[in-house]
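Quick caveat, the model's predicted, so the values are computed rather than measured.
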Amino acid sequence: MRQVSLLAPGIAALAHVMPDVRAAMRQIAGSRESEGRKALVDKLNQIASEAEIKLTGGNSKSISKDLLDKWLSPSDSSHPPSLLVILAFCRATDNPAPLQIILRAVGLDVMTDEDRMFRDYGRAVWEAEEAARNRKRIRERI
């Protein structure tokens with residue numbers, strides 16, 4: 001296993017991952033006082049229940065709005081959301097932005113259904129062009 005240099009390109013970006021994730025989640029969730037946040041807590045609890053996962057480290061099987069507010073608070077770095085929380089959040093809001101931030105920090109990205117469609121279309125065009133080149137080569141040998 002090779003040790004990674006702290007001066008390597010991209011390593012410094014890791015320091016900003018959690019603040020950026022929290023900022024994205026905060027923007028998606030809306031203001032503290034919004035009805036959307038209250039509904040989001042219910043959605044997160046429902047997802048956790050259906051998936052049979054715990055979003056907290058304690059004995060509680062559900063989260064409160066106060067806990068969601070702590071996870072999203074820019075000034076409270078002592079309560080970062082876990083990866084399970086981020087995944088449940090992305091599912092609850094149907095928005096992959098927080099996960100996208102994490103993946104981009106390690107050189108990966110999220111592929112949407114539309115991205116897949118364009119990838120498949122491009123692959124089909126490339127294969128059709130390759131088949132046409134092969135047909136031309138064969139025709140020239142005949």
query = For Arg32, which residues count as a salt bridge (Lys or Arg N to Asp or Glu O under 4.0 Å) partner, sequence neighbours excluded?
reply = none

key: Hydrophobic cluster membership, Ile101 vs Leu108, 4.5 Å side-chain cutoff   = yes

task = Say whether Val21 and Val110 are linked into one hydrophobic cluster, either directly or through other cluster members, by side-chain heavy-atom distances under 4.5 angstrom.
result = yes

task = Verify the neighbour count for atom NZ of Lys54: are there more than 12 heavy atoms of other residues, nucleotides or ligands below 6.0 Å?
result = yes

message = Using the side-chain hydrogen bond (donor to acceptor under 3.5 Å, both in side chains) criterion, which residues pair with Lys65? Sequence neighbours excluded.
response = Asp69

query = For Glu35, which residues count as a salt bridge (Lys or Arg N to Asp or Glu O under 4.0 Å) partner, sequence neighbours excluded?
reply = Lys38

inquiry  = So, using side-chain hydrogen bond (donor to acceptor under 3.5 Å, both in side chains) as the criterion, who are the partners of Glu50 when residues are at least two apart?
reply    = Gln46

ask   = Is the backbone of Ile63 close enough, under 3.5 Å, to the side chain of Asn45 for a donor and an acceptor to pair up by distance?
value = yes

key: Separation of Arg22 CZ from Lys70 NZ (nearest 0.5 Å)   = 11.5 Å

Listed pairs under 3.5 Å, donor-acceptor, residues 71-90 side chains, sequence neighbours left out:
unit_1 : atom_1 : unit_2 : atom_2 : d
Ser73  : OG     : Ser75  : N      : 3.3
Ser73  : OG     : Ser75  : OG     : 3.2
Ser73  : OG     : Asp76  : N      : 3.4
Asp76  : OD1    : Ser78  : N      : 3.3
Asp76  : OD1    : Ser78  : OG     : 2.6
Asp76  : OD1    : His79  : ND1    : 3.2
Asp76  : OD2    : His79  : ND1    : 3.0
Ser82  : OG     : Leu84  : N      : 3.4
Ser82  : OG     : Val85  : N      : 3.2

query = To the nearest 0.5 Å, how far apart are CD in Gln100 and CG in Leu103?
reply = 8.0 Å

request  = Can you tell me which residue pairs pass the salt bridge (Lys or Arg N to Asp or Glu O under 4.0 Å) test with a partner in residues 89-99, sequence neighbours excluded?
outcome  = none

query = Does Arg37 reach the side chain of Arg26, with side-chain heavy atoms less than 4.5 Å apart?
reply = yes

query = Hydrophobic clusters join Ile, Leu, Val, Met, Phe, Trp and Tyr when side-chain heavy atoms are under 4.5 Å apart, directly or via other members; which others share one with Ile47?
reply = none

inquiry  = Among residues at least two apart in sequence or on other chains, which ones pass side chain to side chain contact (heavy atoms under 4.5 Å, CB included) with Ser49?
reply    = none

request  = Taking salt bridge (Lys or Arg N to Asp or Glu O under 4.0 Å) as the test, write out the residues that go with Asp113, two or more places apart.
outcome  = Arg116

message = Please enumerate all residues that pass side chain to side chain contact (heavy atoms under 4.5 Å, CB included) together with Arg141, with sequence neighbours excluded.
response = Ile138

Tabulate below the donor-acceptor pairs under 3.5 Å that side-chain atoms of residues 118-130 make, not counting sequence neighbours, or state none.
unit_1 : atom_1 : unit_2 : atom_2 : d
Glu130 : OE1    : Arg133 : NE     : 3.4
Glu130 : OE1    : Arg133 : NH2    : 2.7

task = First locate atom CG of Leu55, then atom CG of Leu67, and finally report the distance between them rounded to the nearest 0.5 Å.
result = 8.5 Å

task = Using the test side-chain hydrogen bond (donor to acceptor under 3.5 Å, both in side chains), find all partners of Asn134 that sit at least two apart in sequence or belong to another chain.
result = Arg137

